[in-house]
Amino acid sequence: MRKGIPVSPGVAVGVAYCIHEIFVDPDTQRLEDHDVTAELAQYEKARERAASDLRALQSKVQSQVGHEEAAIFGVHESILRDASFSEKIRTWISRDRLTAQAALHRLVNEYTSLFARTKDEYLRERLNDLRDVVVRLSSHLSDVLKPHAHCSLHSPLIVVADELLPSQVVALGDIEVKGIVTQKGSQTSHAAIIARSRGIPAVSGVRGILRQVNTGDTIVVDGRDGHVKVNPDPETKAAFRKLEREFFHLKDELAANRDRPAVTADGVPLDLHANINGVQDVHAAVAMGASGIGLFRTEYLYLTHHALPDEDEQLAVYQQVIAVRPDLPVTIRTLDIGGDKTVPYLGHDHQEANPFMGWRSIRLSFEHPDFFAVQLRAILRAAVYAESRRGSVRMLFPMVTALEEIHRLRKMVSRACRDLEREGKDYRTVPLGMMLEVPAAAVSLDTLLPLVDFVSIGSNDLVQYLMAADRDNPKVSHLCQPLAPPVLRLLTQVVEVCERAGKPLTLCGEMAGQPKSFVLLLGMGLRSFSMSPAFIPSMKELASHVSIPTARELLKHVLRMKTTARVKLFMRQQLKQIAPNLSLFDTA
Ligand code: PEP
Ligand code: MG
C-alpha cells in the first residue's frame with residue numbers, strides 16, 4: 001500500500017494503465033547485429049500505431065471538444081512524420097546499435113540541450129510537444145505495455161503517470177478513466193483540478209509508484225485519504241468495490257437533486273457556481289445544477305492555441321459559453337498565465353527563479369497592453385449575449401496585489417469601451433472584480449474595495465502565498481493547507497471586511513468543494529461559492545444538513561485551535577455526524 005496526496009475524492013478499483021516516463025530508465029543495452037532489422041521494424045510499427053492514435057484522437061477531440069483543442073494532435077502527428085526525426089532514430093538504431101527506446105531518449109536529450117540555448121520561446125515550447133510524441137512512441141515500444149495495450153484501452157482504466165502533460169489530460173477524454181495516480185503534483189495542480197472537474201478519484205505525489213505497478217495490474221485509488229493499493233487481496237478488493245459502487249450510486253443520486261435550490265438546513269439560500277476551463281465544461285456545470293459560472297479560467301483557451309487567439313475567436317468562445325444558459329451569470333477571468341501555466345507566444349520567461357511570485361497574471365497582461373485589450377474587448381462584446389434580466393457577464397482580474405493595478409485595469413477597460421464605441425461595435429459595460437489571492441491585498445482589502453464591484457477569493461493561491469508553500473510541491477503540501485489556522489483567521493477577516501463594505505464576495509478556490517472547509521466558510525458568512533461542477537451536488541446536499549448557527553458554532557470552536565491537524569480531526573468527526581454518507585466526498 002502506498003500513500004500520496006488525495007486530490008480528488010471518491011474510490012475507484014480498476015485496471016492500471018501506466019504512462020511511463022521514458023526518461024526514468026533509459027535503455028543502455030546495445031543491440032546485437034542480428035537484432036537491428038527487427039528493432040527497426042518495431043520502431044516503424046510503433047510509429048504507425050502512434051500516428052493512428054493521433055489521428056483517432058484528433059478526430060474524436062475535434063468532434064467532442066473542438067477544433068482548437070484537437071489541433072495539438074495534428075501538430076504531434078507532423079512531428080512524428082517529420083523526416084529528420086525518424087532519420088535520426090533509424091541511424092542511431094542501425095549505426096550506433098541503440099534500441100529504439102534508447103534512441104528516443106537520445107533524441108529528447110539532444111533537443112533539450114539545443115532548445116535550452118535558444119531564446120525562441122515558440123521553439124522551446126515545441127520541446128514539450130516533442131516529449132509528448134516520444135512518450136507516445138515509447139509506450140507503443142514498451143514490453144510492459146504490449147500484452148495489455150489492446151484490452152487496457154477498452155476498459156475503464158486507472159491511469160498511472162509521472163505527471164499528466166496537458167495533451168494527455170485532453171486525451172483522457174478519449175478513454176474511459178475511472179481513477180488517476182501520479183508521482184508528481186498536488187491538490188491544486190492543474191491535472192488535479194481537471195480530475196476533480198470530471199469527478200474522477202485521484203491521488204498525486206505517490207513517489208516511485210511507476211516502479212511498483214504495471215499495466216494490467218489491479219489497483220485501488222482511495223481519493224479520500226490518498227491510499228493506493230496495487231494488486232490487493234480479494235477481501236480488500238471486494239471491500240473497495242463496494243465503496244466504489246456506493247460512490248457512483250451516491251453521485252447519481254445527488255446529481256438528481258440538480259433542480260433543487262441550494263439552501264442551508266435553516267433555509268438560507270446559497271449560490272453554488274461552477275469553475276470551468278472551456279465550453280466543454282459548461283454542460284457538466286448545468287447538468288450538476290450550477291447557479292452560474294463563477295470562474296471561467298480563460299488561460300486554457302490560450303494554452304491549447306498555437307498562436308494568439310484573436311478577438312473574434314475569443315468572442316466566439318465566450319459567446320458559446322454564455323449561449324448554453326444565457327440566463328445564468330458568467331464570470332470571465334482574464335488571462336492567468338505564469339506560475340505553472342506558460343504560453344509560448346507571450347515571450348514568457350521559463351527561466352524565472354520563482355515563477356509563482358514573478359511575471360504572472362495581470363503583471364504579464366500589463367506588459368502586453370495590445371494583446372490584453374483583445375481579451376477585454378472580446379469579453380465586453382460577449383456580454384451583449386447574456387440575457388439582460390437575469391444573466392450577466394462579470395470580468396475578474398487575477399493576482400491583484402496593489403491599488404495602482406486596479407486603477408490601471410479600470411483605465412484599460414474604459415479605453416476598450418471607448419474604442420468599441422468609436423468603432424460602432426456592440427458591447428456592454430460589466431462589473432469588474434478582483435481575485436483575492438495575494439496576502440498583501442487581503443491585508444489592505446478595505447482600501448481596495450471601493451475600486452472593485454466584487455471580490456472572488458482564489459484560495460488556492462492565497463493559501464500557497466500565505467503559508468509560503470508551493471501549491472504544486474508535494475514536499476510542502478503539509479503546509480499548503482486551507483484548514484491551517486492562519487488561513488481560517490485571514491478568511492474570516494476577509495469575509496467581515498467585504499460584508500461591512502457591502503461588496504459581493506465569492507470563493508472560487510478548491511476549498512469551496514471540500515466539505516470541511518465548506519462548512520467553516522458558511523460559518524464565516526460566505527454565501528457564494530464556485531467549484532468544480534462535480535462537487536456541486538454534494539455541497540448542495542451538505543448545505544441542506546447544516547444550519548447557519550451550527551456552522552458559526554463550529555467555526556468559533558475551530559478558530560480557537562492552534563494546529564491544522566486538530567482542525568481536520570475535529571471537522572472530520574463533526575461531518576460524520578452532520579452528513580455521514582458524504583464522507584466519500586471528503587479528502588483527508
Ligand atoms: C485560486 O488561486 O484559488 C484560483 C481559483 O485560481 P487558479 O487555481 O486558477 O490559480
Ligand atoms: Mg489563482
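Sequence positions, counted from 1, serve as the residue numbers for this chain.
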- Task: Quick one: do V220 and H227 satisfy side chain to side chain contact (heavy atoms under 4.5 Å, CB included)? Show the steps, please.
- Result: CA-CA 8 Å; V220 169; H227 282 121; over 6 Å; no
Is a donor on one side and an acceptor on the other found under 3.5 Å between the side chain of [X] and the backbone of [Y]?
{"X": "R258", "Y": "A255", "answer": "yes"}
{"X": "S291", "Y": "L272", "answer": "yes"}
{"X": "R47", "Y": "L80", "answer": "yes"}
{"X": "T298", "Y": "R333", "answer": "yes"}
{"X": "K237", "Y": "T218", "answer": "no"}
{"X": "N460", "Y": "E510", "answer": "yes"}
{"X": "K178", "Y": "V13", "answer": "yes"}
{"X": "T563", "Y": "R566", "answer": "yes"}
{"X": "E244", "Y": "A12", "answer": "no"}
{"X": "T182", "Y": "S204", "answer": "no"}

Roughly how far apart are [X] [atom1] and [Y] [atom2], rounded to 0.5 Å?
{"X": "R297", "Y": "N277", "atom1": "CZ", "atom2": "CG", "result": "6.0 Å"}
{"X": "I578", "Y": "S544", "atom1": "CD1", "atom2": "OG", "result": "11.0 Å"}
{"X": "K556", "Y": "L554", "atom1": "NZ", "atom2": "CG", "result": "11.0 Å"}
{"X": "M1", "Y": "Q212", "atom1": "CE", "atom2": "CD", "result": "12.0 Å"}
{"X": "I536", "Y": "H273", "atom1": "CD1", "atom2": "NE2", "result": "9.0 Å"}
{"X": "L254", "Y": "H249", "atom1": "CG", "atom2": "NE2", "result": "9.5 Å"}

[X] to [Y] - nearest heavy-atom pair and separation:
{"X": "M531", "Y": "A512", "answer": "CE-O, 3.5 Å"}
{"X": "L295", "Y": "S530", "answer": "N-OG, 3.6 Å"}
{"X": "D266", "Y": "P549", "answer": "OD2-CD, 3.3 Å"}
{"X": "V321", "Y": "F296", "answer": "CG2-CE2, 3.7 Å"}
{"X": "L210", "Y": "A161", "answer": "CD1-C, 4.0 Å"}
{"X": "S538", "Y": "A534", "answer": "OG-O, 4.5 Å"}

Quick one: are [X] and [Y] in side-chain contact, heavy atoms under 4.5 Å?
{"X": "L555", "Y": "L520", "value": "yes"}
{"X": "K516", "Y": "R572", "value": "yes"}
{"X": "L559", "Y": "T492", "value": "yes"}
{"X": "C480", "Y": "R471", "value": "yes"}
{"X": "R224", "Y": "P6", "value": "no"}
{"X": "D271", "Y": "T506", "value": "no"}
{"X": "P329", "Y": "R394", "value": "no"}
{"X": "L270", "Y": "L522", "value": "yes"}

- Query: How are the rings of F529 and F518 set to each other: parallel, tilted or perpendicular (split at 30° and 60°)?
  - Reply: tilted
- Message: Run the side chain to side chain contact (heavy atoms under 4.5 Å, CB included) test on D53 and H140 for me, step by step, so that the C-alpha distance in whole Å, both residues' side-chain angles and the decisive distance to 0.1 Å come before the verdict.
- Response: CA-CA 10 Å; D53 280 358; H140 280 289; 2.8 Å; yes
- Task: Applying side chain to side chain contact (heavy atoms under 4.5 Å, CB included), run through T264 and V546 and close with a yes or a no.
- Result: CA-CA 6 Å; T264 60; V546 191; 5.8 Å; no
- Message: Please determine whether the number of non-hydrogen atoms from other residues, nucleotides or ligands lying under 6.0 Å from atom NE2 of H478 exceeds 12.
- Response: yes
- Crowded around R260 CZ? As in, over 12 foreign heavy atoms under 6.0 Å? yes
- Message: With side-chain hydrogen bond (donor to acceptor under 3.5 Å, both in side chains) as the criterion, how do E541 and H545 come out once you've worked through the C-alpha distance, each side chain's angles and the decisive distance to 0.1 Å?
- Response: CA-CA 7 Å; E541 176 72 14; H545 290 275; 3.0 Å; yes
- Please walk me through it: do V487 and L462 pass side chain to side chain contact (heavy atoms under 4.5 Å, CB included)? CA-CA 8 Å; V487 173; L462 186 60; over 6 Å; no
